[in-house]
There are 2 protein chains.
Amino acid sequence: MYRIGVMAARCGLKADTLRFYEKSGLLVPSSRNEAGYRLYNAADEAKLNFILRAKSVGFSLEEIAELLSIRLESAEHSCAEPKLITDMKLQQVEAKIKELEIFRSSLQKLSDSCCGGSESASHCSILEALDASDKEALC
Amino acid sequence: MYRIGVMAARCGLKADTLRFYEKSGLLVPSSRNEAGYRLYNAADEAKLNFILRAKSVGFSLEEIAELLSIRLESAEHSCAEPKLITDMKLQQVEAKIKELEIFRSSLQKLSDSCCGGSESASHCSILEALDASDKEALC
DNA sequence: CTTGACCTTGGAGTTAGGTCTAAGCTTTAG
DNA sequence: CTAAAGCTTAGACCTAACTCCAAGGTCAAG
């Protein structure tokens, strides 16, 4: 049984974060000592590791809460549920990547067009492109 | 000279957003009428279009404020400055894309491993991978 | 026995970019 | 003239995931 500081250190988090996870309903420590100190056991640590792994693949805390509730009573849930959550997240991630790739190509074009020298910015092609009324300049 | 509602409609924004941009120092309308109503002229509109184009390539409002201040006194700034801002943003965007691509491949792997059927989630490979103590399962 | 490290709680603050509300003027259409 | 639509302000609220703070209780070392 670890106290909050030890548990946090073991998992590379701050104690504050563990309290936040508890308040969010993600991870309630299995017991408290007489003084009210939180006590985490091995199952709590396994659950926290689940949370951290889910975070590492991009799930939000809300999605992780869903996955945890399925995990807790897995017999009463179907395989379709975790898969749906995963596929929805995958779609979100792909949409975000597409958006950023457009940013990237526009920024690359802006950067390439600019000399970047010590001359006055009066005719800077970056500023001109952002001023241009024709959208061509940006895409 | 447009009042705030007209200006907002012309540019596809809400009046609230224009007030927010003013409070942020991005776009202060060039005048006010006797009643204190904001009045935007053509130069204000051009500046707002600059802001919107800069947003469309991914710049934050803070970065846009920097670009605007360079634009305002371009003779006193060098071409290197807009280019630096652009290149820094480009790096940020590329870093974010890399992070999301890792999420994507992990999520794809999770999704592919799961039958997604109506069977009990007791042996769901998504939950198992997130539980696994070997990190291999996720990367 | 004291000092310092660690723990508790409730609640506020952070970032970014808005969005909304309330109370009260102004303007415009009929 | 009146009612509706539009404008003003200050300030609260929103999301997400923490992060910090204050006031006070607990515990281990010397």
Side-chain angles (χ1 to χ4, degrees), chain A residues 1-40 44 48 50-68 85 88-89 92-93 96 99-100 103, chain B residues 1-40 44 48 50-68 85 88-89 92-93 96 99-100 103:
Chain A
M1 304 280 261
Y2 318 121
R3 297 197 323 198
I4 195 168
V6 174
M7 179 73 162
R10 285 175 69 91
C11 298
L13 299 174
K14 296 187 175 187
D16 272 336
T17 304
L18 288 178
R19 289 191 200 97
F20 172 72
Y21 285 174
E22 179 173 354
K23 203 166 51 178
S24 310
L26 281 184
L27 182 66
V28 179
S30 53
S31 58
R32 297 265 183 147
N33 72 7
E34 290 194 350
Y37 286 22
R38 291 169 179 80
L39 295 175
Y40 296 85
D44 295 330
L48 180 52
F50 181 99
I51 292 169
L52 295 177
R53 274 183 220 110
K55 266 175 64 70
S56 80
V57 304
F59 287 116
S60 68
L61 298 188
E62 189 179 354
E63 289 156 348
I64 294 171
E66 278 191 82
L67 291 169
L68 282 172
I85 293 170
M88 280 172 43
K89 172 55 66 176
Q92 283 169 28
V93 167
K96 190 71 185 173
E99 183 190 5
L100 290 174
F103 288 172
Chain B
M1 305 280 263
Y2 318 121
R3 298 199 322 199
I4 196 169
V6 174
M7 179 73 162
R10 285 175 69 93
C11 299
L13 299 174
K14 296 189 175 186
D16 273 335
T17 305
L18 288 178
R19 289 191 200 98
F20 173 72
Y21 285 175
E22 178 173 355
K23 201 166 54 179
S24 310
L26 280 185
L27 181 66
V28 179
S30 51
S31 57
R32 297 264 182 147
N33 72 7
E34 292 192 347
Y37 285 22
R38 292 167 176 82
L39 295 175
Y40 296 85
D44 295 330
L48 181 52
F50 181 101
I51 293 168
L52 295 177
R53 275 184 219 106
K55 265 174 65 68
S56 80
V57 304
F59 287 116
S60 68
L61 298 188
E62 189 179 354
E63 289 156 347
I64 294 171
E66 278 192 83
L67 290 170
L68 282 171
I85 293 170
M88 280 172 42
K89 172 53 66 175
Q92 284 170 28
V93 167
K96 190 70 186 172
E99 183 190 5
L100 291 174
F103 288 172

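Chain naming here is simple, since letters A, B, ... match the order of the sequence lines and numbering starts at 1 in each. Keep in mind the model is a prediction, meaning the values are calculated, not measured. These numbers come from the heavy atoms of this one structure, side chains and all, not from hydrogens, waters or symmetry mates.
A:T17 contributes no side-chain N or O that, together with a main-chain N or O of A:L13, makes up a donor-acceptor pair within less than 3.5 Å. A donor-acceptor pair is defined here as one N or O able to donate and one able to accept, closer than 3.5 Å; such a pair exists between the side chain of B:D44 and the backbone of B:S30.
Rounded to whole Å, the distance from NZ on B:K14 to C1' on D:dC13 is 14 Å. A:Q92 has its CD atom 16 Å from the P atom of D:dT15, to the nearest Å. Regarding B:L26, its CG atom lies at a distance of 11 Å from the C1' atom of C:dG17, rounded to whole Å. Remark: P of C:dT9 and CG of A:L18 are 13 Å apart, rounded to the nearest angstrom. For the pair A:D16 CG and C:dC6 C1', the computed distance is 13 Å after rounding to whole Å. Atom CZ in B:F59 sits about 17 Å away from atom C1' in C:dG17, given to the nearest Å. Taking atom CG of residue B:L48 and atom P of nucleotide C:dG18, one finds them 11 Å apart after rounding to whole Å. Here the P atom of nucleotide D:dG6 and the CD1 atom of B:I4 are 13 Å apart, to the nearest Å.
Between B:R38 and the phosphate of D:dT9, there is a side-chain N or O to OP1/OP2 separation shorter than 4.0 Å. Between A:R19 and C:dT9 there is no side-chain polar atom (N or O) within less than 4.0 angstrom of OP1 or OP2. Side-chain nitrogen and oxygen atoms of A:T17 include none within less than 4.0 Å of the OP1 or OP2 phosphate oxygen of D:dA17. Contact annotation: B:R32 side-chain N/O to D:dT9 OP1/OP2 distance is under 4.0 Å. Contact annotation: B:R3 side-chain N/O to D:dG6 OP1/OP2 distance is not under 4.0 Å. Distances shown here put a side-chain N or O of A:K55 below 4.0 Å from the OP1 or OP2 atom of D:dC18. A:Y21 has a side-chain polar atom (N or O) that falls below the 4.0 Å cut-off from OP1 or OP2 of D:dC18. For B:K23 and C:dG18, the shortest distance from a side-chain N or O to OP1 or OP2 is not below 4.0 Å.
Among the heavy atoms of the strands lying under 4.0 Å from B:S60 are primed sugar atoms or P, OP1, OP2 only; no base atom is included.
Map A:A35 and A:F20 each onto its nearest nucleotide of DNA chain D; the residue landing nearer the 5' end is A:F20.
Salt bridge status for B:K89 with B:E66: absent, with no side-chain N to carboxylate O gap under 4.0 Å. With salt bridges taken as basic N to acidic carboxylate O contacts below 4.0 Å, one links A:K96 and A:E99.
Here the rule is side chain to side chain contact (heavy atoms under 4.5 Å, CB included) with A:P29, and of A:R3, A:E22, A:M7 only A:E22 fits it.
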